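Chain letters run A, B, ... following the sequence lines, proteins first and then strands; every chain starts at 1. All values derive from a computational prediction rather than experimental measurement. Atom set for the values below is all heavy atoms of this structure, side chains included, hydrogens, waters and symmetry mates excluded.
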Amino acid sequence: MFRILPLGDSAITIEFGDQIDPKINARAIAFAKTVADQEWNGILDVVPTYRSVTVFFDPLQWNFSVLTNKLRTLRRLSPNVTEPNGSLHEIPVLYGGEWGPDLEAVAAFAGLTPAQVSALHASTRYRVYMLGFSPGFPYLGLVPEQMAMPRRSTPRTTVPAGSVGIADRQTGIYPTATPGGWRLIGRTPLDIYRKTGTDPFLLKPGDLVQFRPIDRKEFDRLKPRDIV
Amino acid sequence: MNHQPAHIIVVKGGWLTTVQDLGRYGYQHYGVPISGAMDSFSTRVANRLVGNSDCAAILELTLKGPELKFEQDAIVAITGADLSPAINGNSIPLWESIAIQRGSLLSFGAQRAGSRAYLAIAGGIDVPLVLGSRSTHCASQTGGLQGRPLKPGDILSGGEPGRSVNHLIGKRLSDRLLPPYRRPATLRVIPGPQRNLFSDTSLATLTEATYSVSPQSDRMGYRLTGPKVAGEGSMRFISDGTTMGALQVPPDGQPILLMADRQTTGGYPKIAVVISADLPLAAQLSPGDTVTFAPCTIAQALTVLRKHHAQLDQALPPRDTSFPSQ
């Protein structure tokens, strides 16, 4: 599939499929990279999502038909990738307790013990399907069906930075403290969005994530100290 | 007048005053919202009136303006909403370059028209570039002044003004280019990427009814209330890219107009998208205002946008390339 849809007069979305699928996602991410690599003047942003790519352009420099023709040509040049197409990250997580206040609820939902839920969550290798919601927030999937608990009906007004949550078959990490409705099962001491760094975002679309359970002692040791 | 870089003390912060520019492009694939000024037209005009480049940082004032004490002589321009600006208690005009003498107090009063005013200062506002932009995104505490709105006691520093800005004093935007802030506002829309998930009746409802902007509206988006826009089938939809001006429809059928601080991705289908040329008018809406949507084609949208830019460039030439153009 290569379906081109106008998103207003200065963006277009190209769909590669109608479902959440690693192969479709890999195709979208590879195509986004090919487009971005052209460094065309007036292309403002190239954003891969689960199964599509949105290209933002300056409407005074580009028009819809010229851009769609160039994108169709690029599609033929874009490598025919197979997943995965990124690097593997190990993310330490302290599961349960005050760090994962919904772990017990997820365990009840899944018909498992809290320890079984954290073991299952950490034994699955996840793909970064896309980033969205807030700067650096990764949408990871797919969570085993059994523990795919839906979002809370009322979101929390603040979720601490580093919180690891579940929403249906997605799992994610809150890079900064924001409101949020995902079921929180643990917290990582890693800073996945370093605002002042030269490469502020640890995770990129197409990367793989493996969670590693840690204890309180290791959490405290890994947690960067706030600079006073 | 001798123009040093501006040094401004915030006496009162106003209701929501933030540092903005034309937006944080280039990081949406990391989930970083564009943010930036809601009204790019007023931002451009304000910057051009004081000799700045279009992408210099300005202040965006919302409904109730701040009180600012100028510690140095400065040249400023205020555009967009009429929030009754005054220097030392004397009203000053909008859409015009104005000299402010050191020691003066710039204050605001009643909201008379529009919702967001833009204050440009010759030399721009000097806050650090974060991911290529000076825009404030409050939800993620990114950019601007410590990622938050202005508060009493803050000090704003200006950049170095252009070599000679005195000749700009009194320059103003021609009346015929002033945007109309009438109510209901009319915004032109192009059918959205998920238009096919909606019936023709739903699209007709959207373009024939009058909607009002609900109190649950902010820089992220406006929740609209009015006749329901119903989707076909289950409306299950996989999150994809969003844009400013997109009208997304949640299951309750009440459209949400996405604005500058929107999330980069969203899971509600988008029935229509407001054209770029009308986004500055959308930016001037606030809770209680009414709005209608008129159908438009992409070709018409581009014709209008080109015309707006050509008229503005003729009236107030840009200092350098105006990028991005939206």
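The aromatic rings of Trp40(A) and Trp62(A) sit tilted relative to each other, their planes meeting at an angle between 30° and 60°. Using the six-membered ring where Trp is involved, Trp182(A) and Phe137(A) have ring planes that are perpendicular, over 60° apart on the 30 and 60° scheme. Between Tyr139(A) and Tyr50(A), the ring-plane angle classifies as perpendicular under the 30° and 60° cut-offs.
Side chains of Gln170(A) and Tyr126(A) form no contact here, defined as non-hydrogen atoms less than 4.5 Å apart.
Of the listed residues Asp18(A), Ile20(A), Asp45(A), the one with more heavy-atom pairs under 4.5 angstrom with chain B than any other is Asp45(A). Heavy-atom pairs under 4.5 Å with chain B peak, among Ser134(A), Ala11(A), Pro200(A), at Ser134(A). In terms of non-hydrogen atom pairs under 4.5 Å with chain B, the most contact-rich of Thr54(A), Val53(A), Leu203(A), Thr49(A) is Thr49(A). Of the residues considered (Tyr129(A), Tyr193(A), Phe64(A)), Tyr193(A) shows the highest number of contacts with chain B, using heavy-atom pairs under 4.5 Å.
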After noting the C-alpha distance and the side-chain angles of Arg151(A) and Asp168(A), does the key distance pass the salt bridge (Lys or Arg N to Asp or Glu O under 4.0 Å) rule?
CA-CA 7 Å; Arg151(A) 287 173 177 77; Asp168(A) 301 306; 3.8 Å; yes

What do the steps show when you test Phe31(A) against Phe16(A) for ring-ring contact (aromatic ring centres under 6.0 Å, His included), and what is the final call?
CA-CA 10 Å; Phe31(A) 183 74; Phe16(A) 291 83; 5.5 Å; yes

Would you please test Arg219(B) and Asp261(B) for salt bridge (Lys or Arg N to Asp or Glu O under 4.0 Å) and show each step?
CA-CA 5 Å; Arg219(B) 278 179 46 89; Asp261(B) 279 357; 2.8 Å; yes

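Of the two parts of Val46(A), only the backbone, made up of N, CA, C and O, holds a non-hydrogen atom closer than 4.5 Å to a non-hydrogen atom of chain B. At a 4.5 Å heavy-atom cutoff, Ala36(A) makes no contact with chain B through either its backbone or its side chain. Pro179(A) does not touch chain B: none of its heavy atoms, backbone or side chain, sits under 4.5 Å away. Heavy atoms closer than 4.5 Å to chain A are found in both the backbone and the side chain of Gln141(B). Only the side chain of Phe201(A) has a heavy atom closer than 4.5 Å to any heavy atom of chain B. Looking at Ile12(A), there are no atoms closer than 4.5 Å to chain B (heavy atoms on both sides), in backbone or side chain. Contacts between Pro205(A) and chain B at a heavy-atom distance below 4.5 Å involve the side chain alone, from C-beta outward. Only the backbone of Thr242(B) comes within contact range of chain A, with heavy atoms under 4.5 Å apart. At a 4.5 Å heavy-atom cutoff, the contact between Thr178(A) and chain B is made by side-chain atoms alone.
The minimum heavy-atom distance between Ile4(A) and Thr68(A), with the atom names listed, is CG2-CG2, 3.4 Å.
Taking the centre and axis of the six-membered ring of Phe41(B), the NZ or CZ atom of Arg44(B) falls outside the cone set by 45° and 6.0 Å.
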